[in-house]
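Taking it in order: structure first as structure tokens, then the write-up.
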Amino acid sequence: MSCKNCVFYLLIAFFSISRLFAQPFLPSGIPDRIILTWKGDPAHSQAVTWRTDVLTTGSVAQIAVADATPDFPKKAITLPATDDFLNAEGLLALYHSVNFTGLSPATQYAYRVGHDSVWSEWFHFTTAAEKSAPFSFIYFGDAQNDLKSLWSRAIREAYTHAPGADFMIHAGDLVNRGRNDAEWGEWFYAGGWIYGMKPSLPVAGNHEYARENATAKTRTLTPHWDKLFTVPENGPEELKSSVYYIDYQGTRFISLDTQAFFESTDAGKSQTAWLESVLKNNPNRWTIVVHHHPVYSPAFGRDNPEIRDAFKPLYDKYGVDLVLQGHDHTYGRGGNETNGARVKAKSGPVYVVSVSGPKMYLSGFESWMDNAAVNLQLYQVVNVSYDSIQYQAFTVTGELYDAFTLKKEKNNTNTFFDHTPPGIPIKGDLPPRYIQNMDSVEVKEYQTRFQQFKARTGRE
């Protein structure tokens, strides 16, 4: 064998071995994981966060009022980034953030991030209006699994369907293992440049929590969280990265951390007290709360009485309009009453639990639910105006599955209008993969619950 052939085969062996140990989504000098969030007033500020390798220094962001000519970069101002080091189980990276402030309301801006001669593309975003005005957002239940291969179609279909949406809400369990950097890489791969154009309101779920070591008694929020997301620091002192509120064009959005509630009695008490304070001192016409564990669970055999006992009385007392949740990997929508919400006028909120990723559980078809779905990936588009909230749930192939409207009356109560599309059957049949793992009694019990639910709701 010639020396040339020896070198050739050695190179093949080297690259074959290196591929076995290669990690996906490694940081580099090129900015990635670019995402918009808010740290302050959405009418006058916009936060952006991104990642590079640890060798990159001098990261900055540039911003200018956008116009249709290619000359706008000449008007851009440059702002230094705040750098934050992350050791993700041996994978080292720098996360950078800039909070653009002093912006004009209802104005389109262009920005980019980078350093020296290495830059991202120019992105656009539009600031919120200073006063109450119509807007829309996209809400996702748990993404969690198969983020690159299967959840990607949820966020991409949602953006294709509603490109004019003003922002996105992620109701927890964005990934399956919160400390796994590769899963965060898949989450960012799935959404790609959408994150850099449409701000996100992230909500922590139980899968963003993990035990730091085998002897730890409690789980803690992944160190990725406050590196990836810059949020308003207006929550309880010990929960400022995951509990917060933001006011957007006449609506108060409140993010709660229900896993922290379960991990610590003190965290539960502080969240409940904080929640009451931001509900009590709320000048907005609408109030939407987002958290991971449901007040009412749609999945069979699940329940969160601690969450219900702490939060539901406050939702009722202070007139919360809509509660958006995840965790149960099935779809359920219903009202405040434990015996269903077919009444038209009520003071309690509408509760929704949804799932956008491929991990699925079976529905319990509980009495609080007016609509349900099993084994469907969904996204929701919500339009908010002065007098109404219009909610629509779509499958990831674009079909409308559920819809309702809340109309705000003069006495500040809501009238509920059910717009469930006529002729669409409830998607509740057992998937074949579940049947093969269930005995005949379990199958019969499930089918009985499903038939009773259809009879109660008057749908097939």
Side-chain angles (χ1 to χ4, degrees), residues 17-37 39 47-61 80-99 113-116 118 120 143-145 147-148 170 172-192 195-196 200 202-231 233 235 237-244 257 259-260 263-264 267 292:
I17 293 171
S18 66
R19 288 183 66 182
L20 293 175
F21 296 97
Q23 297 185 67
F25 310 113
L26 294 175
S28 71
I30 301 172
D32 66 4
R33 300 189 182 181
I34 301 168
I35 186 166
L36 295 178
T37 55
K39 187 176 183 179
V48 60
T49 308
W50 70 99
R51 182 188 74 156
T52 65
D53 60 28
V54 294
L55 300 177
T56 299
T57 59
S59 288
V60 298
T82 298
D83 299 338
D84 208 348
F85 175 79
L86 176 65
N87 182 350
E89 299 178 331
L91 180 61
L92 309 181
L94 277 177
Y95 283 83
H96 317 276
S97 63
V98 168
N99 186 31
V113 299
H115 60 280
D116 297 328
V118 182
S120 72
Q144 191 170 341
N145 302 91
L147 298 159
K148 179 181 176 181
H170 308 273
D173 284 6
L174 285 63
V175 299
N176 189 45
R177 294 169 293 173
R179 290 178 176 270
N180 187 302
D181 190 80
E183 291 188 19
W184 286 110
E186 287 202 14
W187 190 82
F188 276 93
Y189 183 98
Y195 297 127
S200 288
V203 175
N206 57 297
H207 281 268
E208 276 73 58
Y209 276 73
R211 289 180 174 84
E212 293 187 14
N213 53 61
T215 61
K217 294 182 179 180
T218 60
R219 293 182 285 181
T220 56
L221 186 61
T222 172
H224 282 81
W225 190 264
D226 61 1
K227 309 296 189 294
L228 291 168
F229 307 123
T230 301
V231 301
E233 296 180 348
E237 185 63 34
E238 71 278 18
L239 297 168
K240 283 191 173 181
S241 64
S242 59
V243 177
Y244 59 91
D257 187 340
Q259 186 59 37
E263 296 294 336
S264 163
H292 186 61

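Basis for what follows: all heavy atoms, side chains included, without hydrogens, waters or symmetry-related copies. Along the sequence shown, residues are numbered consecutively beginning with 1.
Residues Ile34 and Val113 are in side-chain contact: their nearest non-hydrogen atoms beyond the backbone lie under 4.5 Å apart. For the pair Thr230/Asn99, no side-chain contact is recorded, criterion being any heavy-atom separation below 4.5 Å from C-beta on. The shortest side-chain heavy-atom distance between Leu147 and Tyr189 does not fall under the 4.5 Å cut-off. Looking only at side-chain heavy atoms (C-beta outward), Tyr195 and Ser200 come within less than 4.5 Å of each other. A 4.5 Å side-chain heavy-atom check between Pro27 and Val54 finds every atom pair outside the cut-off. With a 4.5 Å cut-off on side-chain heavy atoms, Ser59 and Tyr95 do not count as touching. Taking the side chain as every heavy atom from C-beta outward, Pro202 and Val231 approach each other to under 4.5 Å. Between Trp50 and Arg33 there is no side-chain heavy-atom pair separated by less than 4.5 Å.
Checked against the 6.0 Å centroid criterion, the rings of Trp187 and His170 qualify as a close aromatic pair.
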Applying side chain to side chain contact (heavy atoms under 4.5 Å, CB included) to Arg179 and Glu89, what does each step give before you reach the verdict? CA-CA 8 Å; Arg179 290 178 176 270; Glu89 299 178 331; 3.9 Å; yes

For Trp184 and Phe188, run ring-ring contact (aromatic ring centres under 6.0 Å, His included): C-alpha distance rounded to whole Å, both residues' side-chain angles, the deciding distance at 0.1 Å, then the answer. CA-CA 6 Å; Trp184 286 110; Phe188 276 93; 7.0 Å; no

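Side chain of Glu208 to backbone of Leu174: a donor-acceptor contact under 3.5 angstrom is found. Under a 3.5 Å cut-off, the side chain of Ser28 and the backbone N or O of Ile30 do form a donor-acceptor pair.
Side chains of Ser241 and Asp226: a donor-acceptor N/O pair is absent below 3.5 angstrom, by distance only.
With respect to Glu233 and Lys240, no salt bridge is recorded, no charged nitrogen being found less than 4.0 Å from a carboxylate O.
A 6.0 Å sphere centred on CZ of Phe25 holds more than 12 heavy atoms belonging to other residues, nucleotides or ligands.
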